[in-house]
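One structure is given here, and the rest of the page talks about it.
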Protein chains: 2
Amino acid sequence: MASIKDVAAAAGVSVATVSRVLNAHPSVSAEARSRVLAAVAALGYRPNAVARSLRTDQTHALGLVIGDVLNPYFTELARSVEEAARALGYSVIIGNADERPDLQDHHVRTLLDRRIDGLLVSPAPGDSPLLLDAARAGTPVVFVDRWIPGADVPVVRADGRRAVRDLVAHLHLLGHRRLAIIAGPAGTTTGSERVTAFRDALAAYGLPLTDELIGHGDFQAASGRRVTEGFLDLPEPPDAVFAADNLMALGALDAIRARGLRVPDDIALAVFDDIPWFVHTDPPITAIAQPTGELGRAAVRALVDRIEGRAAESVTLDARLVVRRSCGAPAPVLIPPTSPIRRSTPVQRSTP
Amino acid sequence: MASIKDVAAAAGVSVATVSRVLNAHPSVSAEARSRVLAAVAALGYRPNAVARSLRTDQTHALGLVIGDVLNPYFTELARSVEEAARALGYSVIIGNADERPDLQDHHVRTLLDRRIDGLLVSPAPGDSPLLLDAARAGTPVVFVDRWIPGADVPVVRADGRRAVRDLVAHLHLLGHRRLAIIAGPAGTTTGSERVTAFRDALAAYGLPLTDELIGHGDFQAASGRRVTEGFLDLPEPPDAVFAADNLMALGALDAIRARGLRVPDDIALAVFDDIPWFVHTDPPITAIAQPTGELGRAAVRALVDRIEGRAAESVTLDARLVVRRSCGAPAPVLIPPTSPIRRSTPVQRSTP
DNA sequence: CCTCCTTGTGGAATCGTTTACAACGACGTG
DNA sequence: CACGTCGTTGTAAACGATTCCACAAGGAGG
């Protein structure tokens with residue numbers, strides 16, 4: 001593959017001049033510029049990004065470590081992140097943690113070894129000293145969706161508390177009183193926050209959230225199935241189930257189907273995270289929708305701000321309830337605008 | 001960040017010795033080895049992959065360019081590719097083409113600039129001289145799922161012809177005679193092959209596939225909706241629609257719903273590519289399933305073979321029909337094993 | 001005792017860039 | 001005419017690793 005030396009030789013100039021032309025340095029004559037450009041075209045020369053990175057100490061690459069590529073929520077997030085990053089001249093390297101802390105660490109480590117300019121992470125359950133050390137050592141890090149409390153790292157996330165309250169109101173109105181939740185891993189913020197939000201919302205109606213009605217899942221389909229089977233085996237099963245993510249809802253649907261039960265007649269189902277397929281399930285599923293695209297864009301903005309030496313701000317956006325038929329509403333109703341679309345809290349860090 | 005020089009200084013040896021320890025070179029004394037290892041641990045040293053790549057001319061990274069990250073088929077493929085690559089000591093950098101040739105070229109170019117060791121591509125519609133030139137110039141390339149005819153590049157794919165025949169037999173048995181297809185872009189092999197397979201299968205029953213019953217989509221949901229609306233507007237609409245990928249099926253379902261029609265009573269629906277959600281749609285959707293995981297693994301094997309100087313073989317696996325209720329079968333039937341799971345054709349190249 | 005081989009080690013070149021620095025003409029000005 | 005300034009260029013030193021080569025020390029064998 002042609003190198004800058006070949007170009008310099010072909011154009012009859014030094015490598016410094018070639019470099020200057022390529023980097024739009026002002027002081028190079030029109031004559032030299034055109035000779036270099038001609039040589040570049042003739043040789044099909046492309047600068048070696050590896051060498052360039054070594055010299056400049058920047059890769060123009062961002063690492064994105066997500067919980068699970070098979071989860072449409074993360075996939076949509078990844079897409080918006082890549083798009084926003086590309087617009088700013090960065091590429092994105094995705095690492096799929098599969099909800100496993102060890103795999104997450106593997107990806108963080110290889111991304112760090114490759115000297116990515118910054119890291120966007122939706123941390124898997126657990127502490128990850130590796131990640132925290134990297135952040136402390138100066139690698140620009142931004143958390144997105146999930147975060148690790150106590151770290152001095154900006155967080156870009158959605159607050160679902162209002163939407164959860166709306167959901168509980170909706171369920172209560174439809175007569176459901178015994179409500180259960182399939183929680184995510186307690187080691188993740190989204191895992192525990194959603195339970196807390198649900199419990200608080202229930203409390204407003206004087207409804208308790210007893211331990212038997214909290215199932216512990218891991219954000220993947222199989223766990224949703226297992227937990228739901230447990231619920232259905234209870235002496236007094238719940239009459240509504242709230243899954244903390246879409247994959248666990250899929251599992252719940254499986255378990256309910258397998259018993260020959262019907263949604264919503266025998267049991268209601270609602271989900272955190274809305275995805276296109278929920279319109280088409282039997283029945284269409286009531287869900288809490290995050291502003292996923294905006295989260296991705298805000299996260300990239302924050303990370304690139306940190307990378308380029310500006311102050312990065314934490315951002316919290318609002319989620320909203322999308323009512324469909326899985327909780328027993330007679331017909332789909334219009335989605336009410338529940339709250340201002342966006343709230344931004346400038347100085348907030350990991351311990352909001 | 002600590003460099004190899006710091007380690008050498010801390011251990012009281014030369015950088016050459018540190019390098020030898022790190023690369024398990026045999027001739028280094030136990031004494032020196034332990035001093036180096038201690039220094040590495042003390043400094044938290046990690047070798048700079050950028051510098052290493054520049055020197056060794058290999059990055060241990062594979063590029064994977066897929067049609068669309070939002071498509072669960074590609075997402076599953078990406079997952080299995082990453083897993084297989086990791087097992088062989090490679091990482092994977094994913095590029096999402098969004099079905100756009102220009103975006104595909106963008107990703108191919110940046111991956112090439114980053115000097116990835118090899119490229120796995122499911123090409124978007126069009127020729128992509130860039131890609132073909134790279135392959136010709138010696139970059140190891142393997143096509144997966146889709147391919148570009150005429151290139152001397154190994155192909156790893158599934159052959160759906162038998163499954164399509166099974167599907168048409170199934171539809172015919174259920175009384176459907178006027179069958180339509182939502183095709184993918186003619187510029188992709190999967191786009192045109194699936195139409196051909198469908199036409200051939202219909203011909204065996206003496207059924208024609210007229211132009212009005214071939215809709216041209218782009219593998220994304222919106223086009224499925226548009227094409228289906230066109231079908232429904234025909235003086236004599238089809239009584240069954242076959243979507244060439246799962247996203248277009250989603251769009252078709254939207255369009256059918258919007259008219260207040262029911263699947264399968266008013267119109268039957270079948271899909272190429274099976275995904276977990278199809279079990280839960282209303283009704284569950286009959287689909288042709290590819291052995292996606294095995295495709296990913298075979299593709300990585302082939303690419304790494306090429307990278308490491310061994311001969312790479314093209315691989316063709318079989319897809320199979322999964323019958324559910326969207327074509328009107330009274331109840332789900334057991335899935336018959338239609339054919340041997342796997343067929344491998346050793347010397348086949350891009351012009352099979 | 002001298003030679004030869006083996007083993008362990010360090011010096012230095014190298015990969016393909018960027019960039020500080022110096023050199024060099026041309027030119028305007030006092 | 002001398003001198004500073006400006007614009008353009010090339011030389012060479014990095015960046016952080018790997019690896020070729022030379023060399024020293026020590027043991028084996030004649």
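Chain identifiers are assigned alphabetically (A, B, ...) following the order of the sequence lines, protein sequences preceding nucleic acid strands; residue numbering begins at 1 within each chain.
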Subject >> Spacing of B:D57 atom CG relative to C:dT14 atom C1', expressed in whole Å >> reply: 12 Å
Original post:
What nucleotide among C:dT9, C:dG16, D:dT9 has an atom nearest to a side-chain atom of A:V28?
Top reply: D:dT9
Subject >> Whole-Å distance separating the CG atom of B:L54 from the P atom of C:dG16 >> reply: 7 Å
**OP:** Keeping the roles fixed (side chain from A:S122, backbone from A:G67), state whether a donor-acceptor pair exists under 3.5 Å.
**Re:** no
**OP:** Have a look at B:A49 and say if it touches a base, only the backbone sugar-phosphate, or nothing, with a 4.0 Å heavy-atom cut-off.
**Re:** nothing
Subject >> NZ/NE/NH1/NH2 to OD/OE distance under 4.0 Å, A:E76 and A:R79 >> reply: no
Original post:
Whole-Å distance between C:dT17 P and A:H60 NE2?
Top reply: 16 Å
Subject >> Backbone of A:D98 reached by a side-chain donor or acceptor of A:D68 within 3.5 Å >> reply: no
Original post:
Are any of the side-chain nitrogens in B:D113 or A:R46 under 4.0 Å away from the carboxylate oxygens of its partner?
Top reply: yes
Original post:
Would you say the side-chain atoms of B:S53 pair up with the backbone N or O of B:Q58, donor to acceptor, closer than 3.5 Å?
Top reply: yes
**OP:** Look at the side chain of A:Y45 and decide which nucleotide, out of D:dG16, C:dG8, C:dT17, has an atom nearest to it.
**Re:** C:dT17
**OP:** In whole angstrom, give the distance that lies between atom CE of B:M1 and atom C1' of D:dA17.
**Re:** 15 Å
Original post:
Under 4.0 Å between a side-chain N/O of B:R52 and OP1 or OP2 of D:dT18, yes or no?
Top reply: yes
Original post:
Looking at A:S29, does any N or O in its side chain come under 4.0 Å of the phosphate oxygens OP1/OP2 on D:dT9?
Top reply: yes
**OP:** Kindly say whether A:V21 contributes a backbone atom to a donor-acceptor pair with the side chain of A:H25 at under 3.5 angstrom?
**Re:** no
**OP:** For B:L43 and D:dG16, give me the distance from atom CG to atom P, rounded to whole Å.
**Re:** 14 Å
Original post:
What is the distance from CG of B:L112 to P of C:dG16, rounded to the nearest Å?
Top reply: 16 Å
Original post:
For residues 3-26 of chain B, which residues have at least one heavy atom under 4.0 Å from DNA chain C?
Top reply: B:V13, B:S14, B:A16, B:T17, B:R20
Original post:
Expressed in angstrom and rounded to an integer, what is the separation of B:R33 atom CZ from C:dG8 atom P?
Top reply: 9 Å
Original post:
Would you say the side chain of A:W147 lies within less than 4.5 Å of the side chain of A:V142, judging by non-hydrogen atoms?
Top reply: no
Original post:
B:R55 has an atom CZ; how far is it from atom C1' of D:dC20, in whole Å?
Top reply: 9 Å
